[in-house]
Amino acid sequence: MDVSPILSPLNDAQRAADASMAHSTLVLAGAGSGKTRVLVHRIAWLCQVEGLSPYSILAVTFTNKAAREMRGRVEELLQMPADGMWVGTFHGLAHRLLRAHWREAGLPQTFQILDADDQRRLIKRVLKGLDLDEASWPARQAQWYINGRKEEGLRPEAVGDQGDPVGQQYIRIYSAYEAACRRAGLVDFAELLLRTTELLQGHAELLDHYRRRFRHILVDEFQDTNALQYQWLRLLAGEQSPIFAVGDEDQSIYGWRGARLENLHHFSRDFRDCELFRLEQNYRSTGTILSAANGLISNNQTRMGKSLWTADGEGDPIRLYAAYNEQDEARFVADTVAQWAREGNRRSDVAVLYRSNAQSRVLEEALIAAAIPYRVYGGLRFFERAEVKDALAYVRLTANRHDDASFERVVNLPTRGIGERTLAGLRVLAQERDLTLWTATTQAVDEQAFAGRATKALAGFLELVDGLAQATRSLPLHEQVEHVIEHSGLRAHHGREGDEKAQGRLENLDELVNAARAFNFDPQQHGEMSRLDAFLAHAALEAGEGQGDSWEDCVQLMTLHSAKGLEFPMVILVGMEEGLFPHNMSIADPTRLEEERRLCYVGITRARRHLLISYAETRRQRGAEHYNPPSRFIGELPEALVVSIRPRLAMSRPMASPVAPRRAGAGRDAGDGLQIGTRVLHAGFGEGVVLDCEGDVPSARVQVNFEREGCKWLVLGYANLQRC
DNA sequence: GCGACATTGTTTTTT
DNA sequence: ACAATGTCGC
């Protein structure tokens, strides 16, 4: 057997890890050290050298994208399809197990998945049902509590209440929520994992079967596992299945949603005969970028420690730009990208990374003004849009009439005269008789429990859904979806609104039909599920990243979180100010501050060749002007690696209006559309940024901070400034 | 029951 | 600032 294609592209450390004979293997892989490559080649090694069938391999990732990439690369390396191999996200794999064993798991065959939004809405209803007012019991809080308990593997009855009334109330909420899910056949994300864990714990023969089947388990991004995922893995691996985990403590950025970095530290204790490998050679970035990353992360106290190095050269210094305000910063980004493109580079090789989504707006405006195409990642994805979810709710009801969450969503959409009063009556009825809303409605109609008009409306809704189910039963999937959109009245509903946004919603509905048409049903993966159920699960589990959007050469805009796992020749890290990054919510707590620092580390290590950092001295945040000092993280970079690309002037932070109040509107705009922060070109002084302006049009003066000459006041009528 | 105004709370995100 | 809710009058 020629193993050279598997091992020869690897360096010594990677090769040692991939050929490890230890029972458990933990690979601490720094950013850009070939993490995915090690996983892919390990699978190839197992198949070709140790002679395992792909059928007996289980590989777990956190995102669908990572799962797809892994499967693709394994197939490429092995030169054959790896159909039998289970590769997927924790949730995707758990879902698959639950579909295969719904009976043993105690679920209805048609169980539906709740996404985070569905879950919150359902919890809201449960809170109402318990007569708790929303002010003291916010749904978000309850959601956080419930998911937290599930991720600890705890059911309501297992949660210990220390006699504290708030805790007891939460336990009540948790119980009521569980009952609501059970009645309606609904499963939230955390439930997928918890239910699977319990399924395997409670059914020795099933556990035994899967333990025999999965002779080897691989896990990506191990630092992001939560307690339940860790438990799930231990259970599935048992004593006999070797486990191969890859992770990086310095890239743990999801602590706030339950990820436990400790899992990485406990690995060698909990999985027997463990061998540890470190990958520290980086193949991505220049020496400068790595030194900056190392310098920054060394400020974190709680780490095992690791230092990246590269055989590559030093490369460019890191450029630091002190913007006057957020508009100036955005313009700097646009200018930089324009310059980069002018030099013959691709715009898509540039990523602009920010801490929070709200920051994308100014950037987008500046890019539009400069006619630079861009693409924003994140935000709400296709299957999360309200109109799409509405349509899917109808479809879900045709598949499972008892899906209360979907029932509530569309029972009066478009409005058909079923109001809050009627609905409240229905809920009471359902509660009293322990029925789903659908059944309760059927009985209410039979018994004429409500006023004539309401009863008629309810009967109309029941008929509508039954009719939709009837009519679509034997249609192909996309025609089912199309039929439902048409005959539920949703299309007409959005058509009536007639504004620009409604147009977009209609397009999304069309796109949903397309998505249904394009959905490929894989009997091997979906087992005995119907095509429709498989599509609905797909919509819930894969929010629909790649939908739409052509492949134009676009600058990439995204949050630091969504940049994890990606790399770009040029990275611009914007908004590096105290309070923004590190975020205000995290500054006081050392643990969270360290996570912010890791987030910064992730951002820096995305860059291959060029790294630019900027901050704004003034920024409008939630309506008010803020003067945040530069981020402490800037100061933590080795000074020698950073150059300021515009010398900061003593005058660079002029005091704003409190000292010299101006007439409303004046002071913002010096006629000519020159606003504070506008970049201008002067024939003699070169380029600069408008800092201030005063007076009215004939004698207006502006203060400009020139790159070469410093700060000057100019009379607008004579200066002949050009915007640039 | 429904549309027009006030109030509210604002990290990060995948599944 | 601003979107996403909740309350009020018809």
Participant: Hey, is A:Trp256 stacking on B:dT12? Ring centres under 5.5 Å, planes under 30°.
Facilitator: yes
Participant: Find the distance A:Lys65:NZ to B:dT14:P and express it as a whole number of Å.
Facilitator: 9 Å
Participant: Which residue lies toward the 5' end of DNA chain B, A:Arg421 or A:Leu599, if each is placed at its nearest nucleotide?
Facilitator: A:Arg421
Participant: Atom CE of A:Met576 to atom P of B:dT12: distance rounded to whole Å?
Facilitator: 17 Å
Participant: Expressed as a whole number of angstroms, how long is the span from A:Ile587:CD1 to B:dT11:P?
Facilitator: 15 Å
Participant: Side chains of A:Tyr177 and A:Asp188: any donor to acceptor distance under 3.5 Å?
Facilitator: yes
Participant: Looking only at atom C1', what distance separates C:dG6 and B:dT11, rounded to whole Å?
Facilitator: 24 Å
Participant: Quick one: is A:Ser562 getting a side-chain N or O under 4.0 Å of the B:dT12 phosphate, OP1 or OP2?
Facilitator: no
Participant: Just N and O in the side chain of A:Ser586: are any of them under 4.0 Å from OP1 or OP2 of B:dT12?
Facilitator: no
Participant: Could you tell me how far apart A:Arg120 (CZ) and B:dT10 (P) are, to the nearest whole angstrom?
Facilitator: 11 Å
Participant: Return yes if a side-chain donor-acceptor contact under 3.5 Å exists between A:Gln231 and A:Thr197, otherwise no.
Facilitator: no
Participant: Just checking, any donor-acceptor pair under 3.5 angstrom between side chains of A:Asn628 and A:Gln621?
Facilitator: yes
Participant: Hey, does the side chain of A:Asn226 come within less than 4.0 Å of B:dT15's phosphate (OP1/OP2), counting only N and O?
Facilitator: no
Participant: Suppose we call a contact any N or O donor and acceptor under 3.5 Å apart; does that hold for the side chain of A:Arg592 and the base of B:dT11?
Facilitator: yes
Participant: Take the protein atom CE of A:Met585 and the nucleotide atom P of B:dT10, then report the distance between them rounded to whole Å.
Facilitator: 8 Å
Participant: Check this one for me: any side-chain N or O of A:Asn64 less than 4.0 Å away from OP1 or OP2 of B:dT14?
Facilitator: no
Participant: Is the distance from the ring center of A:Phe214 to that of A:Trp86 below 6.0 Å?
Facilitator: yes
Participant: Nearest whole angstrom, please: distance from the P of B:dT14 to the CG of A:Leu541.
Facilitator: 14 Å
Participant: Compute the ring centroids of A:Phe407 and A:Phe461, then answer whether they are less than 6.0 Å apart.
Facilitator: yes
Participant: Quickly work out the A:Leu580 CG to B:dT10 P distance and round it to whole Å.
Facilitator: 17 Å
Participant: Look at the side-chain N and O atoms of A:Arg361 and state whether any lies under 4.0 Å from the OP1 or OP2 oxygen of C:dA3.
Facilitator: yes
Participant: 5'-most contact on DNA chain B: A:Ala454 or A:Glu596, nearest heavy atom basis?
Facilitator: A:Ala454
Participant: Below the 4.0 Å mark, does B:dT14 have OP1 or OP2 next to a side-chain nitrogen or oxygen of A:Thr63?
Facilitator: no
Participant: Counting only side-chain nitrogens and oxygens, does A:Asn357 get under 4.0 Å of the OP1 or OP2 atom of B:dT13?
Facilitator: yes
Participant: Would you kindly give the CG-to-P distance between A:Asn584 and B:dT12, to the nearest whole Å?
Facilitator: 13 Å
